[in-house]
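Here's the structure we're looking at; comments come further down.
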Amino acid sequence: MTGASDATSPPIIDAEAHHKLMEQLSTIGGGPGGALTRLALSEEDRLARDWLAGWMKAAGLRLEVDAIGNMFGFLDWAGSDAPRIMTGSHIDSQPNGGRFDGSYGVVAACSAIEAIQRKVRETGITPKANFILANWTNEEGARFQPSVLGSGVHSGEHALEFALSRKDADGITVGEALNRIGYAGSAESVIPDALIELHIEGASFLENAGKRFAAVDRFWGATKYRVAFIGRQAHTGPTPMAERRDAVLAAAYLISDIKAIADKGGLDMHTSVGRLEVYPNSPNVVPGEAVLFIELRSPEPDLLASAEEELKAAMQEAARRASVEVEVRSIDRRKAGRFDADLFKLAEETAAALGEETMRLDSIAGHDTVAMASVTKGLVINVPSLGGVMHHPSEFTSPDDRAFGVQILAGMLWRFCLEGSGLIRRRS
């Protein structure tokens with residue numbers, strides 16, 4: 001006979017089954033050397049979504065898809081008055097990215113929910129919380145900008161019409177892509193009572209400290225510009241140097257100045273130009289247009305605002321030096337903030353019960369839980385990334401560390417399963 005303490009102890013996850021699920025998902029869009037290319041709303045994304053939908057059905061979850069393509073698997077077993085606790089991440093990737101960014105969080109949610117279902121069957125405990133497994137649309141922002149688009153619509157940050165009209169480099173809109181892959185849904189938005197996202201760290205703080213687990217306290221803000229320099233297309237041979245209006249020259253000036261903004265801002269300022277589009281992009285043509293995708297990131301709103309002013313001045317100066325025109329084609333902003341302190345404490349307690357200390361980290365990267373933090377209690381939790389690598393085929397988290405992260409996630413969800421709204425009330 002199962003004792004009371006055994007019945008209420010956290011469920012033990014099936015690590016082997018978890019790793020097999022990761023391997024299955026990794027084959028969809030997978031390439032050599034650990035590479036993964038599964039852009040949002042692509043054929044590879046459709047296949048991965050179909051795989052996830054199949055898992056949800058087999059696990060007894062009710063699948064709903066909303067108008068922006070977010071997938072939600074509902075485990076409604078505690079009644080309509082019980083809290084809804086959401087977990088998951090995203091399964092789209094960067095081009096030539098890695099296998100674990102986002103996908104690990106979705107598969108971890110599958111494994112944690114499966115462990116809880118098994119524990120409930122074995123013990124006969126009555127669940128006091130419902131669960132929602134989430135796969136968010138276009139988190140990466142590689143094919144469509146801005147990033148964290150699906151969660152941004154869900155939280156009300158973006159209007160649905162705005163999101164559906166975003167275009168990729170080939171002029172295909174989000175709405176068109178959703179229809180092509182069959183994931184333009186109609187489900188209404190549901191705001192959970194709490195949201196927990198397990199993610200690889202993507203930096204080396206855990207590894208350098210010799211620790212296995214972190215919870216994110218603070219997330220950085222970001223300002224993203226798409227800037228175009230417009231010059232005059234010409235032959236690279238006979239056109240005199242003094243008469244050239246080279247758009248890429250202006251881009252080069254600005255890229256250097258953007259790095260200087262980070263140098264001036266110190267540790268709390270990150271800058272980048274991650275994408276440069278050149279037209280007509282021919283070796284013997286002076287470029288007539290150069291489009292830069294610029295990011296400024298900081299946890300400090302005042303520092304981010306001052307960096308933006310420096311960026312605007314640098315844009316004008318670069319255009320003047322290269323004798324070209326400049327225009328801003330889009331601006332996206334994400335505010336800095338903090339995750340829920342009570343969920344952070346729950347993560348600490350759960351890790352401590354497994355003999356591990358919780359490291360406190362910032363999230364410099366954007367996550368779907370960042371977008372949702374304005375409408376619900378949210379928390380991102382991390383396991384180590386080997387060498388701090390992410391967005392690269394070599395990104396890797398050891399099987400033991402991945403299993404440990406799933407065990408902590410299952411333990412946190414289990415507390416809600418046992419205590420339900422009482423846990424939320426005590427922590428609110």
Side-chain angles (χ1 to χ4, degrees), residues 52 56 61-91 102 105-106 109 112-113 116 127-139 146-164 178 183-199 215-216 219 334-347 363 366-381 409 412-413 415-417 419-428:
L52 180 59
M56 290 178 178
L61 275 60
R62 171 175 52 85
L63 171 62
E64 291 190 4
V65 181
D66 67 13
I68 195 62
N70 295 319
M71 298 174 65
F72 302 111
F74 291 83
L75 183 57
D76 288 325
W77 60 354
S80 59
D81 293 334
R84 284 181 164 180
I85 311 303
M86 183 180 284
T87 186
S89 192
H90 62 94
I91 56 177
V106 172
I113 288 174
I116 290 171
K128 294 183 179 180
N130 300 307
F131 296 107
I132 307 172
L133 196 163
N135 169 40
W136 301 102
T137 295
N138 193 60
E139 190 274 351
S147 57
V148 294
L149 187 64
S151 51
V153 171
H154 203 75
S155 68
E157 179 182 356
H158 301 307
L160 176 62
E161 294 76 13
F162 166 84
L164 293 175
L178 282 168
Y183 277 89
S186 58
E188 295 183 0
S189 295
V190 55
I191 303 301
D193 295 283
L195 169 57
I196 304 168
E197 180 177 2
L198 173 57
H199 205 280
V216 176
F219 52 87
R334 183 169 62 240
K335 292 182 179 180
R338 293 188 177 274
F339 286 124
D340 186 74
D342 296 326
L343 288 178
F344 190 101
K345 182 65 175 176
L346 177 61
S363 178
H367 295 293
D368 292 301
T369 303
V370 171
M372 290 290 290
S374 62
V375 294
T376 190
K377 294 174 175 287
L379 185 71
V380 172
I381 55 178
L409 177 63
M412 294 177 71
L413 298 179
R415 286 283 300 276
F416 283 105
C417 194
E419 302 180 45
S421 58
L423 181 63
I424 294 175
R425 281 197 299 269
R426 282 201 300 276
R427 295 179 176 276
S428 59

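Along the sequence shown, the residues carry numbers beginning at 1.
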For the CG atom of Leu409 and the OG1 atom of Thr87, what is their distance to the nearest 0.5 Å? 4.0 Å

Less than 6.0 angstrom separating the ring centers of Phe339 and His367, yes or no? no

Note: Glu64 and Ala187 closest approach over all heavy atoms is OE1-CB, 3.5 Å

Partner set under side-chain hydrogen bond (donor to acceptor under 3.5 Å, both in side chains) for His199, not counting sequence neighbours: Asp101

Out of curiosity, Ile196 CD1 to Leu379 CG, how far, rounded to the nearest 0.5 Å? 7.0 Å

Verdict with reasoning, Asp76 to Arg62, per salt bridge (charged side-chain N to carboxylate O under 4.0 Å, His left out): CA-CA 8 Å; Asp76 288 325; Arg62 171 175 52 85; 2.3 Å; yes

Distance-minimising heavy-atom pair for Ala129 and Ala82: CA-CB, 4.2 Å

When rounded to the nearest 0.5 Å, the distance separating CG of Asn135 from CD1 of Ile91 is 4.0 Å

Distance (rounded to the nearest 0.5 Å) between Leu413 CG and Ile116 CD1: 4.5 Å

Keeping Asp66 on the side-chain end and Glu188 on the backbone end, is there a donor-acceptor pair under 3.5 Å? no

Cys417 SG to Trp77 CH2 distance, which is reported to the nearest 0.5 Å: 5.0 Å

Determine the minimum heavy-atom distance between Met372 and Ser151, stating which atoms define it. SD-O, 3.9 Å

